[in-house]
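Because the structure is a prediction, the values reported are computed rather than measured. Computation of the quantities below employed the complete heavy-atom set of this structure, encompassing side-chain atoms and omitting hydrogens, waters and symmetry-equivalent molecules. Just so it is clear: chains get the letters A, B, ... in the order the sequence lines come, proteins before strands, and each one is counted from 1.
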Amino acid sequence: MLDMKLIRENFEETEQRLCSRGGSSYLDGFKELDEKRRALLKEGESLKALRNTVSDEIAKIKDKSQVQDKILEMREVSNRIKVLDEELKQVDEDLNGFLLTVPNLPHLDTPTGLSEHDNVEVRTWGSAPQFSFTAKPHWEIGEELGILDFECGAKLTGARFTLYRGAGARLERALINFMLDLHTGQHGYEEVLPPFLVNRESMTGTGQLPKFEEDLFKTVDPDFFLIPTAEVPVTNIHRSEILKKSDLPICYAAYTPCFRREAGSYGKDTRGLIRQHQFNKVELVKFAHPSESDQELEKLTANAEKVLQLLGLHYRVMLLCSGDIGFSAAKTYDIEVWLPGQSCYREISSCSTFGDFQARRASIRFREEEKSKPEFVHTINGSGLAVGRTLLAVLENYQQEDGSVIVPEVLRPYMGGIERIS
RNA sequence: GGAGAGGUGGCCGAGUGGUUUAAGGCAGCGGUCUUGAAAACCGCCGAGUGUAACAGCUCCGUGAGUUCGAAUCUCACCCUCUCCGCCA
């Protein structure tokens with residue numbers, strides 16, 4: 001959520017920066033609602049002040065015959081207040097509902113552009129493996145090895161669900177443990193294991209609601225949502241809290257499955273593990289002091305990259321342009337891993353700073369000084385990494401001519417010493 | 001699922017219709033005293049909104065209601081705890 005004051009006082013500039021996302025207007029209607037709200041507030045508050053003082057007087061008057069006039073007068077004032085409060089409530093809801101649908105301001109570092117074609121390559125690591133044979137896509141490798149059963153996933157649930165078997169299931173679990181151990185052991189994150197279902201408030205805090213309900217799976221009774229990323233429960237750990245400045249940055253690493261409807265992507269990435277309704281992810285989440293959030297994003301991105309480096313997987317880092325960043329994000333790096341079976345780079349991690357956008361929605365604050373007013377923290381998060389996509393990257397990059405797959409050395413301790421899946 | 005108890009500031013906790021501007025305590029901050037510390041004593045000490053700064057207004061789990069006036073009364077809901085039942 002954007003700061004109302006900022007919009008009020010820098011209307012044109014704010015609108016202009018928002019428009020770099022590609023829309024033609026984002027703040028239409030704000031001024032009218034804001035002015036109406038302030039007018040109602042002013043009138044209502046002065047009547048309440050009157051009521052409070054007169055009520056006090058009534059309490060102090062002993063001679064009850066003198067009280068009747070005042071009571072009658074205040075009855076009318078109260079009725080008027082009731083009407084104003086109702087109008088105000090409506091306007092407040094409208095204004096709040098409006099603000100909740102306005103996306104975040106792009107960070108000044110975010111390049112202006114309309115689509116992914118305007119994203120900027122920041123760096124690359126490693127190089128694509130060379131094969132003396134034609135590299136296969138992971139769905140062929142996985143099916144031939146009997147470790148990925150897409151048909152059975154479809155039978156059990158439907159499209160975009162997969163059954164992992166044997167070494168495939170174990171490799172997924174190995175990757176989860178490897179990533180968690182790295183981030184908690186080497187990078188200073190605290191491991192958390194949150195609920196996979198959350199309430200509406202949590203979803204609103206991080207920005208999935210109210211705008212993107214159609215992307216979420218939900219339960220009917222009670223009204224809960226399956227998390228689309230651990231970002232949601234983990235960021236909401238500190239919802240409505242005032243954190244100690246000395247505790248910042250707070251860094252969490254969490255493994256969770258993620259559930260996404262993928263509405264609107266019918267026919268896209270239908271084969272293999274790329275786009276599933278349920279997938280595993282290790283997520284990194286930080287709560288940082290505003291002056292340190294930029295460098296914390298760099299560190300978090302480096303922490304995610306480290307996973308790929310240790311696995312020996314070639315990748316590139318893209319800085320997303322204003323037209324390609326998500327609704328809540330101010331600045332985003334995508335890490336894209338090389339997939340030889342498909343001869344392309346695919347996103348395997350998305351690392352973003354949200355500025356105070358989520359913190360304002362979820363009311364996550366800190367104090368600069370012991371006695372100073374609470375200020376909003378900055379939130380930062382990124383995948384470290386998407387596990388299913390990492391598994392498929394391992395399959396495609398470590399495939400051998402005979403159809404077997406070499407297990408990267410760092411994963412062998414997690415695989416009971418297995419060096420090759422065949 | 002059944003029965004009961006309860007939700008008040010960072011924490012503990014009083015408060016059952018009107019000096020409650022939410023008592024008191026703990027923690028925290030500032031000061032006096034002290035070579036320094038502790039103790040003692042004095043003062044400050046919730047959030048939001050709003051203002052140049054005051055003032056004002058709102059907030060006692062959430063929402064609705066009664067009243068001139070609600071932390072306090074009524075209704076609904078949410079959450080926590082205890083016991084019983086069921087259960088990984």
[N] pairs with, by Watson-Crick or G-U criteria that keep both distances under 3.5 Å:
| N | result |
| --- | --- |
| G18(B) | C68(B) |
| A38(B) | none |
| C86(B) | none |

Length of the line joining [X]:[atom1] and [N]:[atom2], which is rounded to integer Å:
| X | N | atom1 | atom2 | value |
| --- | --- | --- | --- | --- |
| Arg8(A) | U49(B) | CZ | C1' | 10 Å |
| Glu57(A) | C68(B) | CD | P | 17 Å |
| Arg75(A) | G69(B) | CZ | C1' | 12 Å |
| Ile242(A) | C45(B) | CD1 | P | 16 Å |
| Phe376(A) | A47(B) | CZ | P | 13 Å |
| Lys244(A) | A27(B) | NZ | P | 14 Å |
| Phe366(A) | G10(B) | CZ | P | 17 Å |
| Asp3(A) | U49(B) | CG | C1' | 13 Å |

Legend entry - Sorted by number, the residues of residues 80-100 of chain A with heavy-atom contact under 4.0 Å to RNA chain B: Lys82(A), Lys89(A)
Could you list the protein-to-nucleotides 18-20 of chain B atom pairs, N/O on both sides, closer than 3.5 Å?
unit_1	atom_1	unit_2	atom_2	d
G18(B)	N2	Ser55(A)	O	3.0

Legend entry - Test of ring centre spacing under 6.0 Å for Phe357(A) and Phe327(A): yes
For [N] versus [M], give the span between their [atom1] atoms, rounded off to a whole number of Å.
| N | M | atom1 | answer |
| --- | --- | --- | --- |
| G6(B) | C44(B) | C1' | 33 Å |
| G4(B) | A88(B) | P | 28 Å |
| C77(B) | A3(B) | P | 13 Å |
| U32(B) | G50(B) | C1' | 37 Å |
| A37(B) | A55(B) | P | 35 Å |
| G31(B) | U80(B) | C1' | 42 Å |

Inset, instruction - Kindly indicate, with the supporting measurements, whether the criterion salt bridge (Lys or Arg N to Asp or Glu O under 4.0 Å) is fulfilled by Lys299(A) and Glu296(A). - result: CA-CA 5 Å; Lys299(A) 280 200 223 164; Glu296(A) 291 298 336; 3.4 Å; yes
Inset, instruction - Evaluate the side-chain hydrogen bond (donor to acceptor under 3.5 Å, both in side chains) criterion for residues Asn199(A) and Ser202(A): first the C-alpha distance (whole Å), next the side-chain angles of each, then the deciding distance (0.1 Å), finally the verdict. - result: CA-CA 6 Å; Asn199(A) 57 31; Ser202(A) 293; 3.2 Å; yes
Inset, instruction - Would you kindly compare Pro374(A) and Ser78(A) by the position of their nearest RNA chain B nucleotide and give the one closer to the 5′ end? - result: Pro374(A)
Taking 4.0 angstrom as the limit, do [X] and [Y] come out as a salt bridge?
| X | Y | value |
| --- | --- | --- |
| Arg160(A) | Glu262(A) | no |
| Lys48(A) | Asp85(A) | yes |
| Arg37(A) | Asp92(A) | yes |
| Arg346(A) | Asp269(A) | yes |

Inset, instruction - Please answer whether the main-chain N or O of Pro194(A) pairs with a side-chain N or O of Thr256(A) as donor and acceptor at a distance below 3.5 Å. - result: no
Inset, instruction - Hey, can you tell me if His187(A) and His183(A) have their rings parallel, tilted or perpendicular (30° and 60° cut-offs)? - result: tilted
Legend entry - Sole residue of Asn381(A), Asp334(A), Thr301(A) in side chain to side chain donor-acceptor pair (under 3.5 Å) with Ser350(A): Asp334(A)
Inset, instruction - Give one of base, sugar-phosphate or nothing for Arg37(A), where a contact means two heavy atoms less than 4.0 Å apart. - result: nothing
Got more than 12 heavy atoms from elsewhere within 6.0 Å of [atom1], [X]?
| X | atom1 | value |
| --- | --- | --- |
| Glu409(A) | CD | no |
| Glu151(A) | CD | no |
| Gln16(A) | CD | no |

Legend entry - Base versus backbone protein contacts along nucleotides 56-62 of chain B [heavy-atom cut-off under 4.0 Å; B, S, -]: BBS----
